[in-house]
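Step one of this worksheet: look at the structure below.
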Amino acid sequence: MRNSYYVSEEELKKQREIMEEIARENRGKEVYYHIETYGCQMNVHDSEKLAGMLEEMGYKYTEDLEKADVLLFNTCAVREHAEVRVLGRVSQIKELKNRNPNLIIGISGCMMQEKHIVEAIREKYPHVDIVFGTYNIYKFPELLWQALNSRVQVIDVIENTQNVIEGLPIRRDSNLKAWVNIIYGCNNFCTYCIVPYTRGREKSRRPEDIIAEVKELAEKGYKEITLLGQNVNSYGKDLGGDINFAKLLYMLNDIKGIERIRFMTSHPKDISDELIYAMRDLDKVCEHLHLPVQAGSNKILKRMNRRYTREHYLEIIDKVRANIPDIAITTDIIVGFPGETEEDFLQTLDLVERVRFDGAYTFMYSKRAGTPAASMPDQVDDEVKKDRLIRLIELQNKISLEKSAELKGKVVEVFIEGVSKRDPNKLTSRTRTNKVVHFIGDESLIGKLANVKITETKAWTMQGELVEVLR
Ligand code: 5AD
Ligand code: SF4
């Protein structure tokens with residue numbers, strides 16, 4: 001099996017030594033960190049790794065920015081809006097640095113893989129101490145050490161390498177549910193998308209490393225895992241041998257203690273029968289599929305380089321539902337892709353009506369420098385995009401409401417995740433189909449599976465009554 005991707009043990013040892021050194025210096029002191037995370041689950045999980053390293057170095061988490069000694073922004077480049085927001089935040093934070101000159105400010109993530117952004121930070125944001133990208137988060141201890149010991153801006157962004165890093169400390173946000181990376185990067189080059197440029201080509205983790213991580217999680221009491229990748233269906237293709245995503249699911253399903261397995265994201269062109277049967281047959285794999293369709297018109301799908309047609313997509317949905325009748329299907333949709341006419345958009349609305357998604361993340365097309373779509377002719381006006389987005393959201397909300405209402409009066413299995421933020425008398429839980437259910441119950445039930453009868457429904461959250469605790 002290929003393992004040329006791996007960062008050398010020697011390099012990791014160096015980083016561990018630096019972590020120990022910083023921890024020694026921090027001993028006896030109260031030092032705090034704060035991380036602001038933008039974008040997808042992949043980024044959320046990268047932030048858990050950065051937090052893990054910071055905690056090893058003696059820093060404690062704080063909500064209070066005024067108290068922070070290290071402040072990180074883990075950024076997203078998928079849409080312009082998020083980029084503008086981050087740069088705005090980084091400008092604001094200058095004030096904080098004026099009040100506390102010892103504060104270390106770092107920026108990481110996908111935006112830092114864009115040359116023009118790094119240039120802008122170098123020129124216009126000298127109060128930023130550390131800049132690093134997506135391929136070298138393992139080097140964060142060394143970069144922090146440099147920043148602590150010199151007052152010049154440390155920029156360490158490397159081009160697409162095939163780095164897979166095992167063994168980083170992770171400070172997980174939850175002690176019941178965990179994100180687990182299985183594949184990094186993407187080979188698909190959808191013409192609107194910047195991810196293949198910021199996260200590089202597909203790199204699968206070795207199955208034995210994934211299994212070891214999940215076993216360790218199970219031993220620590222975790223009950224649910226979500227397997228992460230830009231395209232989990234490609235898992236294993238780059239490893240050689242006969243491992244693939246469905247086979248990985250079989251292996252993970254055998255791990256004692258884990259009750260639920262979820263995954264995201266899937267690409268329609270790679271959904272195999274083997275995967276559908278695995279989802280049908282494996283008791284822990286939840287009945288939820290996030291399957292981004294992006295558009296309903298074949299002309300637009302082609303321009304997006306999605307490599308499936310609307311007919312093919314609808315066939316996959318039929319097959320999935322024939323095998324897993326109660327499955328929830330969610331999607332991502334972009335409106336206003338270059339060349340999208342009203343006709344094309346109506347095809348998207350039509351597809352949404354046909355599939356009847358449980359939920360959809362909807363976006364206005366955002367031009368990303370360096371991607372093919374950015375220089376396509378017939379860019380759509382913002383006003384038109386906005387109008388289409390509103391019409392799409394209206395339709396999807398109506399369908400989401402109707403789909404949830406179908407559950408009223410039914411008894412469903414939920415995993416109890418915590419106390420409801422809105423109503424402290426209630427617990428918050430999720431169905432296998434990933435819908436949120438609130439119900440009255442004792443805190444001692446957190447971490448358990450239970451049957452709950454649905455009494456009231458909204459688009460994505462529901463109210464219920466406890467029927468029985470399962471385990
Ligand atoms: N503009 C708008 N939405 C985008 N996405 C990815 N790139 C862009 C872009 N340039 C959306 C896609 C993807 C989701 C994560 O973000 O729908 O599935
Ligand atoms: Fe971007 Fe397409 Fe890859 Fe998803 S599959 S990360 S949309 S290029």
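Keep in mind that what you see is a predicted model, and the values were worked out from it rather than measured.
Between atom CZ of residue Arg430 and atom CE of residue Met462 there is a gap of 10.5 Å, rounded to the nearest 0.5 Å. Note that CD of Glu340 and NZ of Lys299 are 8.5 Å apart. Values are rounded to the nearest 0.5 Å. In this structure, the separation between CE on Met279 and CG on Leu289 is 5.0 Å, given to the nearest 0.5 Å. To the nearest 0.5 Å, the span separating NE2 on His34 from CD on Glu63 amounts to 6.0 Å. Atom OH of Tyr32 sits about 13.0 Å away from atom OH of Tyr59, to the nearest 0.5 Å. We find the NZ-CD1 distance between Lys284 and Ile258 to be 7.5 Å, quoted to the nearest 0.5 Å.
Using the six-membered ring where Trp is involved, Tyr365 and Phe337 have ring planes that are perpendicular, over 60° apart on the 30 and 60° scheme. Note: Tyr308 and Tyr313 have tilted aromatic rings, judged against thresholds of 30 and 60 degrees for the angle between ring planes.
What you find for Leu239 and Ile243 is that their closest heavy atoms are CD1-CG2, 4.0 Å. In plain terms, the two heavy atoms of Ala369 and His116 that are nearest each other are CB-CE1, 4.5 Å.
By the 4.5 Å heavy-atom criterion applied to side chains, Arg321 and Val355 are counted as neighbours. Looking at Ile329 and Thr331, their side chains never come closer than 4.5 Å, going by heavy atoms from C-beta outward. Using a 4.5 Å heavy-atom cutoff, the side chains of Leu346 and Glu342 are in contact.
Side chain to side chain, Asn231 and Lys237 fail the donor-acceptor criterion of an N or O pair below 3.5 Å. Checked by atom type, the side-chain pair His312/Glu315 shows no donor-acceptor distance below 3.5 Å. Judged purely by distance below 3.5 Å, without hydrogens or angles, the side chains of Thr330 and His290 pair a donor atom with an acceptor atom. Looking at Thr191 and Asn305, their side chains never bring a donor and an acceptor atom within 3.5 Å of each other.
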Subject >> Steps toward side-chain hydrogen bond (donor to acceptor under 3.5 Å, both in side chains) verdict (Asp344, Thr341) >> reply: CA-CA 5 Å; Asp344 294 316; Thr341 61; 2.9 Å; yes
Subject >> Verdict with reasoning, Tyr61 to Glu55, per side-chain hydrogen bond (donor to acceptor under 3.5 Å, both in side chains) >> reply: CA-CA 8 Å; Tyr61 178 75; Glu55 301 223 343; over 6 Å; no
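The residue from Arg260, Arg262, Glu224 that alone fulfils the side-chain contact (heavy atoms from CB on, under 4.5 Å) condition with Lys177 is Glu224.
A cation-pi arrangement is absent between Arg85 and Tyr38, since the terminal nitrogen or guanidinium carbon is not both under 6.0 Å from the aromatic centre and inside a 45° cone about the axis.
Applying the side-chain hydrogen bond (donor to acceptor under 3.5 Å, both in side chains) test to every pair with at least one member in residues 348-358, sequence neighbours left out, gives these pairs: Arg310-Asp350, Asp350-Arg354, Arg356-Glu402, Asp358-Lys435.
Although no hydrogens or angles enter the test, the distance criterion places no donor-acceptor pair under 3.5 Å between the side chain of Asn298 and the main chain of Thr309. For the pair Ser429 (side chain) and Glu417 (backbone), a donor-acceptor distance under 3.5 Å is absent.
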